[in-house]
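Given the structure is predicted, the values throughout are model-derived calculations rather than measurements. In the text below, chain A, chain B and the rest are named by the order of the sequence lines, each starting its count at 1.
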Protein chains: 4
Amino acid sequence: MADARIPASGHVGPEPGPAAPRRGRPRSEEADRAILAAASEVLAERGLAGMSIEEVAARAGVGKTTIYRRWPSRGTLALDAFLAEFQGQQPLPDTGSLREDLLAALRAWMRSVTGTSTGSILAGLIAEAQRDPGLAVSWRERVVERLRDQHKIMLDRAVARGEIPAETDYEVVLDLLFGAAYHRLLQGHQPLTDQFARQVVSYLVAGLQHT
Amino acid sequence: MADARIPASGHVGPEPGPAAPRRGRPRSEEADRAILAAASEVLAERGLAGMSIEEVAARAGVGKTTIYRRWPSRGTLALDAFLAEFQGQQPLPDTGSLREDLLAALRAWMRSVTGTSTGSILAGLIAEAQRDPGLAVSWRERVVERLRDQHKIMLDRAVARGEIPAETDYEVVLDLLFGAAYHRLLQGHQPLTDQFARQVVSYLVAGLQHT
Amino acid sequence: MADARIPASGHVGPEPGPAAPRRGRPRSEEADRAILAAASEVLAERGLAGMSIEEVAARAGVGKTTIYRRWPSRGTLALDAFLAEFQGQQPLPDTGSLREDLLAALRAWMRSVTGTSTGSILAGLIAEAQRDPGLAVSWRERVVERLRDQHKIMLDRAVARGEIPAETDYEVVLDLLFGAAYHRLLQGHQPLTDQFARQVVSYLVAGLQHT
Amino acid sequence: MADARIPASGHVGPEPGPAAPRRGRPRSEEADRAILAAASEVLAERGLAGMSIEEVAARAGVGKTTIYRRWPSRGTLALDAFLAEFQGQQPLPDTGSLREDLLAALRAWMRSVTGTSTGSILAGLIAEAQRDPGLAVSWRERVVERLRDQHKIMLDRAVARGEIPAETDYEVVLDLLFGAAYHRLLQGHQPLTDQFARQVVSYLVAGLQHT
DNA sequence: TCGTAACCGAGACGGTACGTCTGGTCTTTTT
DNA sequence: AAAAAGACCAGACGTACCGTCTCGGTTACGA
């Protein structure tokens, strides 16, 4: 099975300073690191809802302005702290079979969000995005779209192999696959079991092949 | 098409006082009404994130304690205010065809959450439930489970008609159907169009009939 | 030494109910007792500032209205609870000597206000009277004037014995005697020692006899 | 007659911040002034019992924390607002005669506490000090002891002039003089007339000279 | 080399809302 | 009619954070 991490492109990390002449004292990378580390710590301990800029600044030994200079809001800071760990845990499976690809992708996602605090941080970020439009944009651009683009490659391959028709609506397929998973994560009405993953993929693959 | 609203069973409204002999001055139903009306008003204007207990109390002409006596948190109050409108808008379609039933149910849900502020209030409630465990429980019991129980009846009928196998995993089916829809509502990466609804149902029905 | 307690005249206890025909259920004397006992308890534990009607009602097993029906304010309730103990501890000495009479009266007062919580309750009542005009009136009528009237008898006797002139200004004399003592109680800048009592009386008697 | 105001030594004003290197943004003196002015205003209008931190903050156009950062309690704030006016109204008379010195000092005090709201504010402060130990300490240190130290100078001079014995107990003398006055202020049983002042001083001076 | 621009940590600033407490009143049922 | 119970409106409490601002100081660049 091949495996391709999300390229660490774009940026993971704080807002860049002014592009051009770079006069004055440069931003401290040490501060960047200390802030993200402190944020991760607090996120793991208390979740996003319990994370205040005040506490992150105190733990990082940094002034609050130093944080606000880099991130416009609590949510975007949390996003960067989150991505540092989450990013790269979402593989692009390539098994030669759509069923196995989808199952591997879903299992990888589920592995990330269960067990540790990652799942509830992810849920917290989606929650925060409902009230912070800036975070909503970042979230879509840097997480949702990125992952979807990657997952669409699996579908491309399946089309190329003739497993599914070329007219397949990729967007809807991915909404079905991950929508179901996010649904359980956010509503908590049912657990994210492997049996669940298998069933989801079964119904989905069958549906794609008979439409 | 037959149509059955969710029975207003259980309770919609504030926490009940002590069950037994009801000593002392009874809770004011007038206050109940004023609080819920004020909460609905604020929710529509500013969304859940912008709703403070303080403002609801002021608008309702009520002391803050009168609210805290009935609802343990902002979220549970918002839930009651929300349900007063949302409840009863989710029909139980009975068209004689699984495809049409699922489509009608999904379309009804989409009608509720688009156009007005209901959609973002619903999203706000799910967001709030991520940080308020009490709300999470109420949300599951009074919204999620209730709706799912109702929707399972559609699947029962389809089984009875022989459209789908008796072994069908109802939980997964509903997660696929509504998970996809909630996904678009919460992530906002794609709009909730009727084309989306038709595609979701098509893939799903095909998948159920060929597994 | 003769000794005459303040007659328990006037009233110690709650406001009288309606004078005339006494219809309906009679006031419960049991409640009176329970309230005063509870008030004394709380006063001793937390002082007047820490005594709330709410807590007294709860400890007495009585509704708040039952207290408000009898006493117009926290202060007047505290006054009654206080007087139940303080009243009768202030003797009217009759030793045959002004110096000894004054000294005995001052010592009796000092004995009352030191050692137990009585002193700080008394201070608390004077404090409360600064913000509760009703209490101020009761305090003057039922404590200050009563005690002063009694103490003036000592001065009458001294005049009769020819120890001090008939023109002596009783009011000023008592203000000097007890004013000094209250001063130390309330300001706390110096302790209420027996040495203090003797000095006060010495200066005072000397002053009276040479004016 | 010479006249010496209390030196504005020690401090009149809010709690000092940390002594040493003064890091961070310095406390705003503008805020200090606005708070004290607002407090004085409210004190004059409603008295200490009717003064809330909330209202002072609102009138001063200042956050509540800005007040709490400087003063630990309502009482200590009121004390500073009070002292700004009271301080300096208490002269140190030097007439060459003990009788005249005492009379002048007592009359100055009486002038301060009658007529305007100063008297009831002073009474309110003493009342508040009964329930706020921090205020009690400040009150003793910054008002009582300061004034007494000043007044003892009058007694020193009288001793030097041979008017009274060197063994005179200054503490008791001052307790008699001002105790009587505070007594009338706080108990309200008799008015603070000039006749009262003359009588008090007469008895006291006579007493001192014949003991 | 020197000025100046942008950064740094610290902490005060004006605000908003929190959830609690108490005051004094009102409304039930029970005695 | 008074009792116990407990809900009612009102409003202050002291705290936590928000996002901004002002200090005294530190880097680095460009004149």
Side-chain angles (χ1 to χ4, degrees), chain A residues 17-18 21-28 30-31 34 51-58 60-70 72-74, chain B residues 17-18 21-28 30-31 34 50-55 57-58 60-70 72-74, chain C residues 17-18 21-28 30-31 34 51-55 57-58 60-70 72-74, chain D residues 17-18 21-28 30-31 34 50-58 60-70 72-74:
Chain A
R22 321 299 276 100
R23 300 216 308 162
R25 177 175 175 174
R27 297 250 173 105
S28 158
E30 175 58 26
M51 178 186 107
S52 71
I53 296 283
E54 207 121 296
E55 184 175 5
V56 172
V62 138
K64 282 201 284 177
T65 39
T66 301
I67 297 183
Y68 282 113
R69 203 173 287 122
R70 291 161 164 77
S73 67
R74 176 174 78 159
Chain B
R22 322 300 276 99
R23 298 206 296 178
R25 178 174 175 174
R27 300 255 171 100
S28 161
E30 176 59 26
M51 179 186 106
S52 71
I53 296 282
E54 205 123 294
E55 183 174 7
V62 140
K64 282 199 285 178
T65 40
T66 301
I67 297 183
Y68 282 113
R69 202 174 288 122
R70 291 163 163 78
S73 66
R74 178 174 76 157
Chain C
R22 323 300 273 102
R23 299 214 304 165
R25 176 172 172 175
R27 293 241 176 116
S28 157
E30 176 58 26
M51 178 187 107
S52 71
I53 297 282
E54 208 119 300
E55 183 174 6
V62 139
K64 281 201 284 178
T65 38
T66 302
I67 297 182
Y68 282 114
R69 203 173 287 123
R70 290 162 163 80
S73 66
R74 175 174 78 160
Chain D
R22 322 300 277 102
R23 296 205 295 175
R25 179 174 174 173
R27 298 256 172 101
S28 160
E30 176 59 26
M51 178 186 106
S52 70
I53 297 282
E54 205 123 295
E55 183 174 6
V56 172
V62 139
K64 282 199 284 177
T65 42
T66 301
I67 298 183
Y68 283 114
R69 203 174 286 124
R70 291 163 163 77
S73 66
R74 179 174 76 157

Quiz item: Does E55(A) or Y68(D) map to a spot on DNA chain F nearer the 5' end, using the closest nucleotide for each?
Solution: Y68(D)
Quiz item: Ignoring hydrogens and angles, does a donor from either the side chain of R25(D) or the base of dC21(F) sit under 3.5 Å from an acceptor on the other?
Solution: yes
Practice problem: Can you see which heavy atom on S28(D) is nearest to which on R70(D), and at what distance? | Solution: O-NH2, 3.0 Å
Quiz item: If you check the I53(B) side chain, which of dC18(E), dC8(F), dA4(F) turns out closest?
Solution: dC18(E)
Practice problem: Identify the two heavy atoms, one from I53(C) and one from R74(C), that lie closest to each other, and give their separation to 0.1 Å. | Solution: CD1-CA, 4.0 Å
Quiz item: If you pin S52(C) and G24(B) to their nearest nucleotides in DNA chain E, which one's is more 5'?
Solution: S52(C)
Quiz prompt | Side-chain-base donor-acceptor pair under 3.5 Å for K64(D) and dG14(F) | solution = yes
Exercise. Grab the two heavy atoms, one from V62(C) and one from A31(C), that are nearest each other, plus how far apart they are.
Key: CG2-CB, 4.2 Å
Quiz item: At their closest point, which heavy atom of G50(D) faces which heavy atom of E55(D), and how far apart are they?
Solution: O-OE1, 4.4 Å
Quiz item: When the distance from CZ of R27(B) to C1' of dC26(E) is rounded to whole Å, what number comes out?
Solution: 16 Å
Exercise. Could you check which of dG14(E), dC18(E), dC23(F) has an atom nearest any side-chain atom of P26(D)?
Key: dC23(F)
Practice problem: Rounded off to whole Å, could you give me the CD-to-C1' distance for the E54(A) and dG15(E) pair? | Solution: 14 Å
Exercise. Nearest-nucleotide wise, let me know which of T65(D) and M51(D) is further upstream toward the 5' end of DNA chain F.
Key: M51(D)
Quiz prompt | Rounded interatomic separation in angstrom, taking CD from E30(D) and P from dA12(E) | solution = 18 Å
Practice problem: Check the distance between dA16(F)'s C1' and R69(D)'s CZ and give it to me in whole angstrom. | Solution: 12 Å
Self-check item: Selected nucleotide, minimal atom distance to A31(D) side chain, candidates dC18(E), dT22(E), dC13(E)
Solution: dC13(E)
Self-check item: Residue-phosphate contact under 4.0 Å: T66(B) side-chain N/O, dC9(F) OP1/OP2
Solution: yes
Practice problem: May I have the distance from I67(C) (atom CD1) to dA3(F) (atom C1'), rounded to whole angstrom? | Solution: 13 Å
Self-check item: R74(A) side chain, from C-beta outward: closest of dG9(E), dC18(F), dA12(E)
Solution: dC18(F)
Quiz prompt | Minimum-distance pair of heavy atoms, taken over all atoms of A34(C) and A60(C) | solution = O-CB, 3.5 Å
Quiz item: How close or far is atom C1' of dG14(F) from atom CZ of R70(D), stated in whole angstroms?
Solution: 17 Å
Self-check item: Among dT22(E), dA12(F), dA5(F), the nucleotide that comes nearest once only the side chain of R23(B) is considered
Solution: dA5(F)
